[in-house]
> 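Just dropping this structure here.
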Number of protein chains: 2
Amino acid sequence: MPQQPDHACRPYGAGRVTPQRKLVAQLAESWPGAFTVEELSSAVREQDRAASVATVYRAVAALAEQGWLERVGERHGSVLFARCAAGEHHHHHVVCDGCGRVEAAECPVASPASTVSGFVITRHEVTLYGLCPECATGTAI
Amino acid sequence: MPQQPDHACRPYGAGRVTPQRKLVAQLAESWPGAFTVEELSSAVREQDRAASVATVYRAVAALAEQGWLERVGERHGSVLFARCAAGEHHHHHVVCDGCGRVEAAECPVASPASTVSGFVITRHEVTLYGLCPECATGTAI
DNA sequence: GTGTATGCAAACTGTTTGCATGGAC
DNA sequence: GTCCATGCAAACAGTTTGCATACAC
């Protein structure tokens, strides 16, 4: 296969890769959807009881800085992050109301209307909500 | 003019109208855009030094409950509220990057596409960003 | 060997809550 | 007169920071 873009192999950029950071990146990568730092932190501590929240916060901040993770919203007061493969490409997110899964979605905005209510529009944020295939077809909770 | 809908005159619904609540509603009404509770609270305290943050939080919560105020996002960790005249009608918000002004905007989502990435979409949130007429025509900051 | 990441705990911010009191209705 | 809204302060959750130490490079 073609060689991976550099940052895919170096989620921390020039930063050092410690066991904790490796764990954070690994768990974030395999996380089924979006997560709060708190949630990720719990998962990290299951595998490394000594890992502290502060470290996870710092690791997540480093990953977000590299664009390897993305802020995708908030859930009752906590910031939601998700591993986002879409990179720089203009996209949005669709959130499953059932399981919390988050995926990238095409931009559903019709015409990039440049003026609304007299405002000159330069950018927009869209979040779609619904049910993922599993939650939609599976038996309701 | 036709008589105002009831809630327009009674922002607190059946709740009691105290001087503090009157002040909160008044300031929110005349606020040029969206505000955090903290900002509103500061403004309230300028006119009533004894008013406490807790009271403002409670008043804002009551107003939001009545649909008289609306959560329109967040600004560095704080919830943003705005007086919203659009009421129940499906709409979104356009935020001025210059002055922070917030106005209701038509829904720019093309077709209410019911499926995206296999998800069954039930609702969406859109926020537009740009410059309001004043900030767009006025000299750049 | 150098300098960054860690762990711990304390600090900080935004928000909520409990409780006794005052005041709107 | 009743009961809700207030003010105060303490509690709370999420997040950040300072500092000495450990360890990736």
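Naming convention: chains lettered A, B, ... in sequence-line order (proteins, then strands); numbering from 1 in each chain. These numbers come from a predicted model, not from an experiment.
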> Roughly, in whole Å, what's the span from CD in B:E39 to C1' in C:dT13?
14 Å
> Does A:E46 reach the main-chain N or O of A:A43 with its side chain, forming a donor-acceptor pair under 3.5 Å?
no
> Over how many whole Å does the gap from B:L63 atom CG to D:dA5 atom P extend?
12 Å
> Cation-pi check for B:W31 against B:R83: NZ or CZ below 6.0 Å from the six-membered ring centre and within 45 degrees of the axis, yes or no?
no
> C:dA5 C1' sits how many Å from A:E65 CD, rounded?
15 Å
> Rounded to whole angstroms, how far apart are CZ on B:F35 and C1' on C:dT15?
16 Å
> How close or far is atom C1' of D:dA22 from atom CZ of A:R16, stated in whole angstroms?
11 Å
> Let's see if you get this right: which residues in residues 47-60 of chain B place a heavy atom under 4.0 Å from DNA chain D?
B:A50, B:A51, B:S52, B:A54, B:T55, B:R58
> Please state how far atom CG in B:L80 lies from atom C1' in C:dG14, giving the value in whole angstrom units.
13 Å
> Under 3.5 Å, is there a donor-acceptor pair between the side chain of A:S41 and the main chain of A:Y57?
no
> Please tell me whether A:H124 and B:H92 have a donor and an acceptor in their side chains that are separated by less than 3.5 angstrom.
no
> With the side chain counted from C-beta on, respond yes when B:R21 and B:T55 share a heavy-atom pair under 4.5 Å apart, and no when they do not.
no
> Is the phosphate of C:dT6, meaning OP1 or OP2, less than 4.0 Å from a side-chain N or O of A:T18?
yes
> A:S78: which residues meet the side chain to side chain donor-acceptor pair (under 3.5 Å) condition with it, sequence neighbours left out?
none
> Rounded off to whole Å, could you give me the NZ-to-P distance for the B:K22 and C:dG23 pair?
14 Å
> Does C:dT6 have OP1 or OP2 under 4.0 Å away from a side-chain N or O of A:R21?
yes
> Considering only heavy atoms from C-beta outward, does the side chain of B:V79 approach that of B:V37 to under 4.5 Å?
no
> Give a yes/no on whether any side-chain N or O of B:Q20 is located under 4.0 angstrom from OP1 or OP2 of C:dG23.
no
> In whole angstrom, give the distance that lies between atom CD of A:E38 and atom P of D:dT16.
12 Å
